[in-house]
2 protein chains.
Amino acid sequence: MIQKNIDCEKCFASPDAIFSLLTPEELEYVKKHHSCAYYKKNDILFKEGDEPIGLLMLSDGKIKVFREGVGRREQIVRMVKPFGLMGFRGLFATENHIATAVALEDTVICIVDKDDLMKLIRENSNFAIGIIQALATELGFSNRRTVALTQKHIRGRLAESLLFLKDTYGLEDDDATIKIYLSREDIANLSNMTTSNAIRTLSTFASEEVISISGRKIKIIDLKKLERISALG
Amino acid sequence: MIQKNIDCEKCFASPDAIFSLLTPEELEYVKKHHSCAYYKKNDILFKEGDEPIGLLMLSDGKIKVFREGVGRREQIVRMVKPFGLMGFRGLFATENHIATAVALEDTVICIVDKDDLMKLIRENSNFAIGIIQALATELGFSNRRTVALTQKHIRGRLAESLLFLKDTYGLEDDDATIKIYLSREDIANLSNMTTSNAIRTLSTFASEEVISISGRKIKIIDLKKLERISALG
DNA sequence: CCATTAATATGTTTTTCAGCATAATAGTGA
DNA sequence: TCACTATTATGCTGAAAAACATATTAATGG
């Protein structure tokens, strides 16, 4: 699965990626020592219980990270977009992965092994602060999400998920269609509801002309209304 | 509210506290530059929307951290025990507080302002890693909790909360009574249910002889059973 | 110490949503 | 291409939990 030193240039070039915080020497070092991995749609990057191997940066593609709860029902806790970091939390909490990561489309990731990661954190305080920022942002997201998922009703949860997907992956050229191709089941697992209810509620939103649906493509027609539904709960 | 340089010795002496990672010089510096703050039961440490001022370490007491959701209903996202860190997440995510912290009993905290905090993180990689560990652990907790709160049924959620309180604050000398004094409302806000349902379900647990209740004191009678209820959902 | 308010307790009603069933449609592999 | 499977769609039923109502008990302040 893992091929050495191919095709993560984007990770090293993008100003959005955490590697932009490295010194030229460190960057050179990482370029030499990292690995790349390629995954096809539905491939598993890591599973709950696996030992973390280091820092994974998504170079290309989309990933869902979920936990299995009661009755193997999955709850998506994160959606990753390019240059997002994964897989290193457990290293620091000294535990194995508590979630599973699956590619939603063909995906390339960049891997920095744990020793190199620790080395960078120790040597470069900017990089360490970058890691802290990533965790702090993610924790904020998680706390907000906990409350939204537990307190909002189905319509509110689904509306919030759609807005979240829009914010995360953006819109297509029509400036309306959410740039992700998710099954109804994934949308349900993101929004803490059954697949039936995700389908049903999406249909309702469509009939209310808040969104329009064409297969798995979801177009936001009335953003204000969608935001209102989300805010109201 | 804030008095300078009094009574946080514990924070500087405990091997459990993050300050144990500081060099003697840094420790001296923090001892000189920190502040102490004293709060009575129900006092607010910080509110959702407030600007973070630095790192808060709980020296003595107990604190709940919650977010207000739909209809001002509060969801507790964290319970802090001595030497736990608070209030710095927003500094790194560059946003204001997204939650409110309230003292559950008389409380002493130690405050390191943000400039000093940044200085320590930049200078001492062990300290930086300590901060990373705190965030990583908290994020793991939050993710687990999201799934438990959304997927488990009332009994499972309440059982889990009781076990969580036991693990966080420990047991009294009888090795059974949970060492915290919480209102039913707080228990409900921790467990994502209405106060009525918290009261009702606690009564049920008592009648099933899983716990026994004496006012706000909760004694765990059948730990195995409680764990089973929590695991089952 | 009493009056007032807050917290706890418990019963009843209503809403929300999960669970199940069934059908139609879309995807996939031999 | 056709058979087979997965996904989407929709209706119906029942369980779970919120909302509401009303006592009862405990805590608090004048």
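Note that the structure is predicted; figures quoted are calculated from it, not measured. Throughout, a chain's letter reflects where its sequence line sits, starting with A, and its residues are numbered from 1.
- Following rounding to the nearest Å, R200(A) (CZ) and dG19(C) (P) show an atom-to-atom distance of 13 Å.
- At whole-Å resolution of the value, CD1 in I218(B) and P in dA7(C) are 16 Å apart.
- Note: CD (Q151(B)) to C1' (dC17(C)) measures 15 Å, nearest angstrom.
- Heavy atoms from other residues, nucleotides or ligands lying under 6.0 Å from NZ of K225(B) number more than 12.
- F164(A) has its ring centre less than 6.0 Å from the ring centre of F141(A).
- A close approach under 4.0 Å does not occur between any side-chain nitrogen or oxygen of R216(B) and OP1 or OP2 of dA26(D).
- The distance from atom CG of N42(B) to atom P of dT5(C) is 19 Å, rounded to the nearest whole Å.
- As rounded to whole Å, 14 Å separates atom P of dT28(D) from atom NZ of K40(B).
- For the pair K64(A) and D186(A), the salt-bridge criterion is met [side-chain N within less than 4.0 Å of a carboxylate O].
- The residues K40(A) and E105(A) are annotated as not salt-bridged, no charged nitrogen and carboxylate oxygen being separated by less than 4.0 angstrom.
- Under the 3.5 Å distance criterion, the side-chain polar atoms of T201(B) are left unmatched by any main-chain donor or acceptor of A198(B).
- In the set dT8(D), dG27(C), dC20(D), the nucleotide with an atom closest to the side chain of R184(A) is dT8(D).
- For the atom pair NE2 of H153(B) and CG of L158(B), the computed distance is 14.5 Å after rounding to the nearest 0.5 Å.
- One end of the helix from dC1(C)-dG30(D) to dA30(C)-dT1(D) points its axis 50° away from the other end's axis, with each axis taken from 5 pairs and the angle rounded to 10°.
- What separates CG of N189(A) from P of dT8(D) is a distance of 12 Å, to the nearest Å.
- Residue S203(A) has no polar side-chain atom (N or O) positioned under 4.0 Å from OP1 or OP2 of dT8(D).
- Between the CD1 atom of I199(A) and the P atom of dA18(C) there is a distance of 13 Å, given to the nearest Å.
- Between E227(A) and K224(A) there is a salt bridge, since a side-chain N of the basic residue sits under 4.0 Å from a carboxylate O of the acidic one.
- Across the protein-nucleic acid pair, I213(B) atom CD1 and dT8(C) atom C1' stand 10 Å apart, rounded to whole Å.
- Heavy atoms of T195(A) sit nowhere under 4.0 angstrom from any nucleic acid atom.
- R89(A) pairs in a side-chain hydrogen bond (donor to acceptor under 3.5 Å, both in side chains) with only one of the listed residues (E138(A), H97(A), E95(A)), which is E95(A).
- The OG atom of S191(B) lies 11.0 Å from the CG atom of N197(B); values are rounded to the nearest 0.5 Å.
- If you check dC20(D), dT8(C), dT8(D) against the side chain of S183(A), the one that comes closest is dT8(D).
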Report each atom pair, protein N/O against N/O of nucleotides 14-17 of chain D, whose distance is under 3.5 angstrom.
unit_1: dA17(D); atom_1: OP1; unit_2: I154(B); atom_2: N; d: 2.9

